[in-house]
Number of protein chains: 2
Amino acid sequence: MSLASDQARPGAAEKPTLYKRIRLDIETRILTGEWPPGHRIPFEHQLMARYRCSRMTVNKALSELAQADLIERRRRAGSFVRRPQHLSAVLKISDIRAEITALGRSYGYQLIDCRRRTATAADRARLGVSTAGKVIAIACRHSADDVPFAVEDRLIDLSTVPEAATADFAREPPGSWLLHHVPWTEAEHTISAVVADDRTAKALDIAVGSPCLVIDRYTWRSARTVTAVRLHYPGETHRLVARFKGG
Amino acid sequence: MSLASDQARPGAAEKPTLYKRIRLDIETRILTGEWPPGHRIPFEHQLMARYRCSRMTVNKALSELAQADLIERRRRAGSFVRRPQHLSAVLKISDIRAEITALGRSYGYQLIDCRRRTATAADRARLGVSTAGKVIAIACRHSADDVPFAVEDRLIDLSTVPEAATADFAREPPGSWLLHHVPWTEAEHTISAVVADDRTAKALDIAVGSPCLVIDRYTWRSARTVTAVRLHYPGETHRLVARFKGG
DNA sequence: CACGATTATATGTCTAGACATATAAGTCAA
DNA sequence: TTGACTTATATGTCTAGACATATAATCGTG
């Protein structure tokens, strides 16, 4: 229960700032279970005395822990170790080109189909818009070391991204183009599993009936739809990895 | 470019604190694209003048934006709107029982098999441990409104969680038991797609060859393995949803 | 005992300073 | 032109206070 045990060791490579040390001390006690969920953390004035610093310094450490949901702060009552409600994992979904090149593999891209049209009823439903503006529909394939990696089926709303009309999607994959031309979007991903149909199997060079991982991504920016994309990955070779810290 | 336009409106329901208003103002400008990636945010002393407050208040707002990766702060140079490198989505993976009851459906649980044994070579590989301690191997099924929802295949390392030996997994699902008895763990999820084999198809009441979404979760706590679990979901009906804000 | 009013207290926010430190930018010599 | 040195400056951290505010605990009353 004691907070002692951490005088600045002279051997420490580089001592972090004080508030970071306070934060790490408390975080360590929580993560090792020394302070279990529900445990009350020492009051700010106690930590002030313990670390011989001002209240603002302690407060900064505790505020960051509260932001990270490791503790809960309640007025008059104190700060308490939280028991996390849900396991939230951070799933990194990179731009496919970046993902492949980061793996040290050569990236390949083939445009299968690209057409501009007035949004059909199906297009509007998929984009979640009611007015029938122009859209671009793209089908393409990504490969790593000349092995098919994923097939992409995308719709871009030209009323939100008019510049897309002039982009050359035969040269640059639409995901990369959008990433550089429409930053700071919001998105929702839906992950599911299907078996490959004829068209998908052919594009991915797998057998019909093989499992595929499907990611549907719907992207918007300030309440305006940007794009809707469906990616098929060969399910037996592709993996999505999500790390998390929680309870 | 001007930062004006936000005098405290009398009609505003409840005015947030000043630093939150500063943070929201800047966040809005970034998210709407008014300040694109690379744009330099006004210096702290400029924001002090703009909002007529002390530097610490401005600093708190900017620090939080930096923590959220919306801006990058560089000494002597200033603060700049970041271009996010990767699309990181937050995937909420709840305890299955909690997930089903949250949907307003009735939760059902069937223990298929539960045995305690000395870890085999396969068990050790799966848990990532080298010594052959005791483990519990569990197979069970979760259902929602009496429809199979997921099948679970789990290994618990008894040298990390000795209390698990006394738990009654015929009554309580192991995921829920662990969540309440071993808080604050870390985990890695791997998501993939397969087609149902005989055993899985029977347990989920689907056809052999149907697609299944597979989640492998490997959980540890302070460098000690806790559990490894593989979940099969019927791929055509189950969806994983991940929201994200980024670029 | 139940319930409303009062009080004490821990956190939430803010100020007006301070010194430390990394580094962009300018200066000067080779 | 290039490289080394100097300087200016924006951020990083910290202090010793302050008042606001929500609420747990206490007290008093019916």
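Order of the sequence lines fixes the chain letters, A, B, ..., with proteins taken first and strands second; residue numbering starts at 1 for each chain.
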About how many Å separate CH2 of A/Trp184 and CZ of B/Arg82, when rounded to the nearest 0.5 Å?
-> 7.5 Å
In terms of side-chain geometry, is the basic nitrogen of A/Arg73 or A/Glu44 positioned less than 4.0 Å from the acidic oxygen of its partner?
-> yes
Is it true that the NZ or CZ of A/Arg97 lies under 6.0 Å from the centre of A/Tyr109's six-membered ring and within 45 degrees of the ring axis?
-> no
Evaluate the criterion side chain to side chain donor-acceptor pair (under 3.5 Å) for residue pair A/Thr225 and A/Tyr218; output intermediate values, then yes/no.
-> CA-CA 8 Å; A/Thr225 297; A/Tyr218 172 69; 2.8 Å; yes
Per-nucleotide protein contact string for nucleotides 9-15 of chain D, where B marks a base within reach and S marks sugar-phosphate only (heavy atoms under 4.0 Å, - for neither) = BBBBBBB
For side chain to side chain donor-acceptor pair (under 3.5 Å), just list the numbers for B/Arg154 and B/Thr227, CA-CA rounded to whole Å, side-chain angles, deciding distance to a tenth of an Å, and then say yes or no.
-> CA-CA 7 Å; B/Arg154 183 187 291 270; B/Thr227 185; 3.2 Å; yes
